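One structure below.
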Amino acid sequence: MDFHYKDIVPWGRSFDEYIDMFDLSEDDLARDIVGVGDGPASFNFWMHQRGTPIVSVDPVYRYSETELRQRIQETCDDIIAQARQNRDKFVWTKISSIDELAEIRMQAMDEFCRDFESGKQHGRYIDASLPNLPFPKGHFDLVLSAHLLFFYSANRDLAFHLDAVRELLRIGTEVRIFPIVDVNSNPSPFLSPVIDTLEKDGIACSVERVPYHFQKTGNEMLRLRTC
Ligand SMILES: C[S@@+](CC[C@H](N)C(=O)[O-])C[C@H]1O[C@@H](n2cnc3c(N)ncnc32)[C@H](O)[C@@H]1O
C-alpha cells in the first residue's frame, strides 16, 4: 500500500537532517537563509540557538502552539501507521526503526513548539504561502524548501510548482529543494518540465547528490541559481 495524504501535512525534521538534506556547509549557515514550508521542523530553533539570523515561512504559523501540538499529534499517528506499512521504501541505517523515527521527529517538533510563540513574535516564523511570499526581490541569499515541492506531486499541479519555484527565485539568489521524488519515492513528473522551463529563463539548474538518505530514491536535491 502506498502513502496517501489528502493534503500537505505538518511534519518536521531536525536541524541535523536539514544540514544533510541541503548539504549545508558552515559558510552556507552564515548566509541570509529563509526556509519555505518549514512547518514544525527544528531548523529555525537551532539556527536561533547558534545566534544566526533565520526566517521560516509556512501557512500553519497562523495557528497557536496549542493548536499546532494537537495537529502534530494527529499527523504523527497517521504518518507512523503509514510508515509501518511502507517500511520497505526507506533506508534504515541512520534511523534504525519506526519507533526511533517517531522519537526523532517528535523531539524535533517539540523543540519547534517550545520556540514557536516567541519566534513568531520576533518575526522568525511568518504565516505565508507559496506562490506569494511577503518579501522584496532578492531579500535572501539562500532559500531552502524541503518536503513540499515535488514531494507532494499528487496534491499540487505543474502550474503551482512553476509559480512556486519562480517565487522562491524572486526572493533569493540561490534555491535548494529537497527531495525531488514524491511521498512514495517515485520521480516527480514535474521535475523535468520545471527544469526545462527555468533553463529557458536563464536559471542554472543542477540535480545534486546529498548526504541525507532515508527515502530509498530520495538522496538528491535541486539547486537553482539566478545568473
Ligand atoms: C511535510 S511538511 C515539511 C516540513 C519541513 N520542511 C521538513 O522537511 O521537515 C510540509 C509543510 O509545507 C507547508 N505548506 C503547505 N502548502 C504550502 C505553501 N503553499 N507554501 C508554503 N508552505 C506550505 C505545510 O503547512 C507543511 O508544514
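Nothing here was measured: the structure is a model prediction, and the numbers come from that model.
In this structure, Leu222 CG and Glu208 CD are separated by 8.5 Å, a value rounded to the nearest 0.5 Å. Rounded to the nearest 0.5 Å, atoms CD (Glu220) and CD1 (Ile177) are 13.5 Å apart. Distance check, rounded to the nearest 0.5 Å: CG of Leu191 to CG of Asp196 gives 9.0 Å. Note that CG of Leu198 is 4.5 Å distant from SG of Cys205, once rounded to the nearest 0.5 Å. We find the NZ-CD1 distance between Lys137 and Ile171 to be 12.5 Å, quoted to the nearest 0.5 Å.
Under the side-chain contact (heavy atoms from CB on, under 4.5 Å) criterion, Val210 pairs with Asp23, Phe178, Tyr212, Met221, not counting sequence neighbours. The side chain to side chain donor-acceptor pair (under 3.5 Å) search around Gln215 returns Ser185, not counting sequence neighbours.
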Handout entry: Intermediate values then yes/no, salt bridge (Lys or Arg N to Asp or Glu O under 4.0 Å), Arg69 and Glu65
Key = CA-CA 6 Å; Arg69 280 191 186 275; Glu65 178 194 341; 2.9 Å; yes
Handout entry: Residues Ile126, Phe135; criterion side chain to side chain contact (heavy atoms under 4.5 Å, CB included); working and verdict
Key = CA-CA 11 Å; Ile126 295 180; Phe135 308 108; 3.9 Å; yes
Exercise for the section: Tell me, with the steps shown, if Asp38 and Tyr125 meet side-chain hydrogen bond (donor to acceptor under 3.5 Å, both in side chains). Expected result: CA-CA 9 Å; Asp38 269 351; Tyr125 295 109; over 6 Å; no
Problem - Evaluation steps, side-chain hydrogen bond (donor to acceptor under 3.5 Å, both in side chains), between Trp92 and Glu100 - result: CA-CA 10 Å; Trp92 296 100; Glu100 192 185 344; over 6 Å; no
Problem - Asp88 and Lys216: CA distance, side-chain angles, deciding distance, salt bridge (Lys or Arg N to Asp or Glu O under 4.0 Å) verdict - result: CA-CA 8 Å; Asp88 56 319; Lys216 271 189 181 159; 5.7 Å; no
Problem - Criterion side-chain hydrogen bond (donor to acceptor under 3.5 Å, both in side chains) on Ser25 and Asp28, from CA distance to verdict - result: CA-CA 5 Å; Ser25 64; Asp28 287 330; 3.2 Å; yes
Exercise for the section: Kindly determine whether Val175 and Val165 satisfy side chain to side chain contact (heavy atoms under 4.5 Å, CB included), including the steps that lead there. Expected result: CA-CA 8 Å; Val175 174; Val165 170; 5.8 Å; no
Practice task
Evaluate side-chain hydrogen bond (donor to acceptor under 3.5 Å, both in side chains) for Asp78 paired with Gln82, printing each intermediate quantity in order.
Solution key: CA-CA 6 Å; Asp78 178 37; Gln82 293 205 49; 3.2 Å; yes
Practice task
Decide side chain to side chain contact (heavy atoms under 4.5 Å, CB included) for Phe214 and Asn219; before the verdict, give the C-alpha distance in whole Å, the side-chain angles of both, and the deciding distance to 0.1 Å.
Solution key: CA-CA 7 Å; Phe214 187 44; Asn219 58 344; over 6 Å; no
Exercise for the section: Could you walk me through whether His48 and His122 pass side chain to side chain contact (heavy atoms under 4.5 Å, CB included), step by step? Expected result: CA-CA 11 Å; His48 184 60; His122 291 98; over 6 Å; no
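The nearest pair of heavy atoms linking Pro53 to Met47 is O-CE, 4.4 Å. Taking each heavy atom of Val143 and Gly172 in turn, the nearest pair found is CG2-CA, 3.7 Å. Of all the heavy atoms in Val57 and Leu133, the pair that sits closest is CG1-CD2, 3.9 Å. Residues Ala108 and Gly12 come closest through the heavy atom pair CB-O, 4.0 Å. Between Ile80 and Ala102, the shortest heavy-atom contact is CD1-CB, 3.7 Å. Here the shortest heavy-atom pairing between Thr75 and Pro10 reads CG2-O, 3.3 Å.
With hydrogens and angles disregarded, no donor-acceptor distance shorter than 3.5 Å links the side chain of Gln73 to the backbone of Gln70. Looking only at distances, a side-chain donor or acceptor of Asp58 sits under 3.5 Å from a matching main-chain atom of Val60.
Side-chain contact between Ile33 and Phe140: absent, with no pair of heavy atoms (C-beta onward) separated by less than 4.5 Å. Looking at heavy atoms from C-beta onward, Ile72 lies in side-chain contact with Cys113 at the 4.5 angstrom threshold. Contact annotation: the side chain of Ile19 approaches that of Leu29 to within less than 4.5 Å [non-hydrogen atoms, C-beta and beyond]. Contact of the Asn186 side chain with the Asn184 side chain is registered, since non-hydrogen atoms from C-beta on lie closer than 4.5 Å. Between Leu148 and Leu130 there is a side-chain heavy-atom pair separated by less than 4.5 Å. Inter-residue side-chain proximity for Leu144 and Val34 is flagged as unmet; no heavy-atom pair is nearer than 4.5 Å. Counting heavy atoms from C-beta on, the side chains of Ile98 and Arg87 come closer than 4.5 Å. Taking 4.5 Å as the limit, some side-chain heavy atom of Met106 sits within range of a side-chain heavy atom of Cys76.
Relative ring orientation between Phe116 and Tyr61 is described as tilted, the plane-to-plane angle lying within the 30° to 60° band.
Under the 4.5 Å side-chain heavy-atom criterion for ILVMFWY residues, no single connected hydrophobic cluster contains both Val181 and Leu224. Val207 and Leu142 end up in the same hydrophobic cluster when Ile, Leu, Val, Met, Phe, Trp and Tyr side chains are linked at under 4.5 Å.
Within 6.0 Å of OH on Tyr63 lie no more than 12 heavy atoms contributed by other residues, nucleotides or ligands. Other residues, nucleotides and ligands place no more than 12 heavy atoms under 6.0 Å from the NZ atom of Lys94. Other residues, nucleotides and ligands contribute only 12 or fewer heavy atoms inside 6.0 Å of the CD atom of Glu103.
A salt bridge links Arg105 with Glu17: at least one charged nitrogen is closer than 4.0 Å to a carboxylate oxygen. For Lys120 and Asp127, the salt-bridge test fails: no basic side-chain N is under 4.0 Å from an acidic carboxylate O. Note on Asp99 versus Arg84: salt bridge recorded, some NZ/NE/NH1/NH2 to OD/OE distance being below 4.0 Å. We find that Asp27 and Arg31 are not joined by a salt bridge, their nearest charged nitrogen and carboxylate oxygen being 4.0 Å or further apart. Glu174 and Arg176 are joined by a salt bridge, as a carboxylate oxygen and a charged side-chain nitrogen come within less than 4.0 angstrom of each other. Of the charged side-chain nitrogens involved, at least one lies within less than 4.0 Å of a carboxylate oxygen, so that Arg50 and Glu26 count as a salt-bridged pair.
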Under 3.5 Å, which donor-acceptor pairs do the side chains of residues 149-160 form with other protein atoms, sequence neighbours left out?
unit_1	atom_1	unit_2	atom_2	d
Tyr152	OH	Val9	N	3.4
Ser153	OG	Phe150	O	2.6
Ser153	OG	Ser188	OG	2.8
Asn155	ND2	Tyr5	O	3.0
Asn155	ND2	Lys6	O	3.3
Arg156	NH1	Asp7	OD1	3.3
Arg156	NH2	Asp7	OD1	3.3
Asp157	OD1	Ala159	N	3.3
Asp157	OD1	Phe160	N	2.8

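Evaluated for a ring-ring contact (aromatic ring centres under 6.0 Å, His included) with Phe43, the options Phe15, Phe22, Phe112 yield exactly one hit, Phe15.
Remark: the Ser118 side chain and the Gln121 side chain contain no N/O donor-acceptor pair separated by less than 3.5 Å.
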